[in-house]
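Remarks on the structure that follows.
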Amino acid sequence: MINQVKVFWGSKKDFNSFLDKENLDELGDGTPFMELIQHYNSRIRPSEAGVKEEQLSKKIQYAYCICRADDFSSVLPHVLSNFVNIVCLNHDLAVLYIHNPPRKVLESLESFYEDNIQFESSEYLVPSVDLLRKTHKNLRSDVLGQAESKKAIISGLYRLMRQKANKPVVIMLYGPSGVGKTETAKSISKTFGGKIQRIQFSMMQNQEAMDYVFGSEHSKVSLARDLLARETNIVLIDEFDKVHPTFYNAFYEVFDEGHLVDTNYDVDLGNVVFLLTSNYMSEEEIKKALGPAMFSRIGCCVKYEDLAPEEKKIIVLNWYEGITKDLDKKEKMYIDGTSIKPWFLENANRYDNIRILKNKLENAIYDSLAEHFIIENSEPINYEE
């Protein structure tokens, strides 16, 4: 028997904070959900044991049990549909805490305890004038250049602040690779209170990707499961142009109604900010590639320009300092004495892709270190000098 069920929807971080507020130490002895499953398995397969026989002959009392979202990946499908019977087979619980249960688990709970289920959820920051001012300030410090792009993004977020409908805002960030699109999304999410939920579309080209987007077995990760566990209402779908067009079908209702349903979960995505990134170079190219149906669901398209020569030099300096600060004294003195930094400062504008510029700079530093301290010098290095 379960006296009370408390269901929590949202991020793992918020679920743990919710448990902390429950003062579990004062409730009495608790148990993790997987221990209950071990008892259940011992009951139906006594020969495999693991639990003493006397423990199987009577109900075990616990003040609480915690069932975490990740636990569902470890059980067989029949556990979901028979969740309550299995949990209560050998246990009496005062409180069951359960995080992001799949649909069948929730149905099992509601069939027995519909009037005794308490629902809690993550509380996501919503745009306000003060929050948007802070967002713009952080964008100015976190992302180099792109003043017009930042202005357009704040405009899109302002729309979310004032709109009456419980609908997502969809913003397409497009332009050359490595000019700040992903960094923009990370900065906004940080301002909105948590780690960004990032979906990497360039990886989604096979059946496994189809299962991820549209849902499959409960034991597998899915788009709905990941979005349900998001820490903020900022969701980044990176490289939206790299996915097969079939996957866009999953987003019509998401972008229109803020609702995602798959085989295991039903997720409310109203007031979510979807930031899509792509390497398209114009809105006409975006519309042609995505088709009118998908393009019409994008609230605004924000163009990111190639960085100016002086901005690329700032990136070289910042990246150079970031790499060399982890070197020891001898290594840093040696690298500072080479022509690596002045050469990249002089030639930064030769690189259109900032990621390539960073990789080339990093390779130049470590190639030089390896050649000087390892290949040319076979004597042990005294790092204490």
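Just so you know, these numbers come straight off a predicted model, no measurement behind them.
Clustering ILVMFWY residues whenever any of their side-chain heavy atoms sit less than 4.5 angstrom apart, transitively, puts Leu96 in the very cluster that holds Met34. Cluster annotation: Ile37 and Val5 are assigned to the same hydrophobic cluster (Ile/Leu/Val/Met/Phe/Trp/Tyr, side-chain heavy-atom contacts under 4.5 Å, transitive). In the hydrophobic cluster analysis, where Ile, Leu, Val, Met, Phe, Trp and Tyr join through side-chain heavy atoms closer than 4.5 angstrom, Leu275 is grouped together with Met161. Hydrophobic clustering of Ile, Leu, Val, Met, Phe, Trp and Tyr side chains at less than 4.5 Å, counting indirect connections, unites Val75 with Leu36.
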The test is salt bridge (charged side-chain N to carboxylate O under 4.0 Å, His left out); show your working for Glu107 and Lys104 and say whether it passes.
CA-CA 5 Å; Glu107 290 171 353; Lys104 289 183 178 179; over 6 Å; no
Please assess Tyr64 against Asp29 for the test side-chain hydrogen bond (donor to acceptor under 3.5 Å, both in side chains), listing each intermediate value before the final yes or no.
CA-CA 7 Å; Tyr64 65 90; Asp29 292 334; over 6 Å; no
Could you walk me through whether Val7 and Gln118 pass the side-chain contact (heavy atoms from CB on, under 4.5 Å) check?
CA-CA 6 Å; Val7 174; Gln118 175 183 330; over 6 Å; no
Test side-chain contact (heavy atoms from CB on, under 4.5 Å) applied to Val84 and Ser111, step by step:
CA-CA 9 Å; Val84 171; Ser111 67; 5.6 Å; no
Report the C-alpha separation of His218 and Phe72 in whole Å, then their side-chain angles, then the decisive distance to 0.1 Å, and conclude whether the ring-ring contact (aromatic ring centres under 6.0 Å, His included) test is met.
CA-CA 7 Å; His218 72 281; Phe72 299 116; 8.1 Å; no
With salt bridge (charged side-chain N to carboxylate O under 4.0 Å, His left out) as the criterion, how do Asp336 and Lys341 come out once you've worked through the C-alpha distance, each side chain's angles and the decisive distance to 0.1 Å?
CA-CA 8 Å; Asp336 286 343; Lys341 181 164 75 171; 5.4 Å; no
Phe344/Leu317 under side-chain contact (heavy atoms from CB on, under 4.5 Å): CA gap, chis, key distance, verdict
CA-CA 9 Å; Phe344 275 92; Leu317 289 173; over 6 Å; no
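For the pair Lys150 (side chain) and Val143 (backbone), a donor-acceptor distance under 3.5 Å is present. Between the side chain of Arg103 and the main chain of Thr263, a donor-acceptor pair closer than 3.5 Å is present. No donor-acceptor pair under 3.5 Å is formed between the side chain of Ser187 and the backbone N or O of Glu183. Looking only at distances, no side-chain donor or acceptor of Glu35 sits under 3.5 Å from a matching main-chain atom of Pro32. Remark: the backbone N or O of Ile356 is paired with a side-chain donor or acceptor of Asn353 at under 3.5 angstrom. Looking at Glu331, its side chain does come within 3.5 Å of a backbone N or O of Asp328 through a donor-acceptor pair. Within the 3.5 Å criterion, the main-chain N or O of Gln200 finds no donor-acceptor partner in the side chain of Glu239. In this structure, the side chain of Asn100 engages the main chain of Gly10 through a donor-acceptor pair within 3.5 Å. When atom types are taken as modelled, the side chain of Asn23 and the backbone of Glu26 share no donor-acceptor pair closer than 3.5 angstrom. Although no hydrogens or angles enter the test, the distance criterion places no donor-acceptor pair under 3.5 Å between the side chain of Ser189 and the main chain of Lys186.
Thr338 and Ser368 make their closest contact through CG2-OG, 4.1 Å (heavy atoms, listed as atom of the first residue, atom of the second, distance). Of all the heavy atoms in Leu144 and Glu311, the pair that sits closest is CD2-O, 3.0 Å. In terms of heavy-atom proximity, Val179 sits nearest to Gln146 at O-NE2, 3.5 Å. Closest approach of Ala185 to Ile196, counting heavy atoms only: O-CD1, 3.3 Å. Heavy atoms only, all atoms of each residue included: Thr232 and Phe192 are closest at CG2-O, 3.8 Å. Across Asp262 and Ala224, no two heavy atoms sit closer than the pair OD2-CB, 3.4 Å.
Here the CG-CD distance, from Asp14 to Glu123, works out to 8.5 Å after rounding to the nearest 0.5 Å. Atoms CD1 and CD1, on Ile286 and Ile298 in that order, are 6.5 Å from each other to the nearest 0.5 Å. Here the straight-line distance linking atom OG of Ser11 with atom CG of Asn16 works out to 8.5 Å at 0.5 Å rounding. With rounding to the nearest 0.5 angstrom, the CD1 atom of Ile323 is 11.5 Å from the NZ atom of Lys332.
In this structure, Glu22 pairs ionically with Lys6, as a charged nitrogen and a carboxylate oxygen lie closer than 4.0 Å. Glu231 has a carboxylate O that lies under 4.0 Å from a charged side-chain N of Lys13, or vice versa, which qualifies the two as a salt bridge. Of the charged side-chain nitrogens involved, none lies within less than 4.0 Å of a carboxylate oxygen, so that Glu285 and Lys288 do not count as a salt-bridged pair. Salt bridge Lys360/Asp367: absent, no basic N to carboxylate O contact under 4.0 Å. For the pair Lys12 and Asp70, the salt-bridge criterion is met [side-chain N within less than 4.0 Å of a carboxylate O].
Around the OH atom of Tyr334, the shell of radius 6.0 Å holds more than 12 heavy atoms that belong to other residues, nucleotides or ligands. Summarising the local packing, CG of Asp20 is surrounded by more than 12 heavy atoms from other residues, nucleotides or ligands at distances under 6.0 Å. Residue-environment remark: CD (Glu362) exceeds the threshold of 12 foreign heavy atoms within 6.0 Å.
Residue pairs that meet the ring-ring contact (aromatic ring centres under 6.0 Å, His included) test with at least one member in residues 270-327, sequence neighbours left out, are Phe255-Phe274.
For the pair Arg230 and Tyr124, the cation sits on the ring face: its NZ or CZ lies under 6.0 Å from the ring centre, inside 45° of the axis.
For the pair Leu223 and Ile199, the minimum side-chain heavy-atom distance is below 4.5 Å.
Here Lys303 pairs with nothing under the salt bridge (charged side-chain N to carboxylate O under 4.0 Å, His left out) rule; sequence neighbours left out. For the side-chain contact (heavy atoms from CB on, under 4.5 Å) test, residues two or more places apart in sequence or in another chain that qualify with Ala152 are Val302. Lys181 is linked by a salt bridge (charged side-chain N to carboxylate O under 4.0 Å, His left out) to nothing, counting only residues two or more places apart in sequence or in another chain. With sequence neighbours left out, the salt bridge (charged side-chain N to carboxylate O under 4.0 Å, His left out) criterion links Arg198 to Asp238.
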Expected list for residues 132-141: side-chain donor-acceptor pairs under 3.5 angstrom, two or more places apart:
unit_1: Thr135; atom_1: OG1; unit_2: Leu131; atom_2: O; d: 2.8
unit_1: Asn138; atom_1: ND2; unit_2: Thr191; atom_2: OG1; d: 2.8
unit_1: Ser141; atom_1: OG; unit_2: Asn138; atom_2: O; d: 3.0

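With 3.5 Å as the limit, one finds a donor-acceptor pair spanning the side chains of Asp92 and Gln61. A donor-acceptor contact closer than 3.5 angstrom is absent between the side chains of His99 and Asp71.
Taking the six-membered ring where tryptophan is involved, the planes of Phe240 and Phe251 are perpendicular, since the angle between them exceeds 60° and thus also 30°.
Centroid-to-centroid, the aromatic rings of Phe373 and Tyr366 stay 6.0 Å apart or farther.
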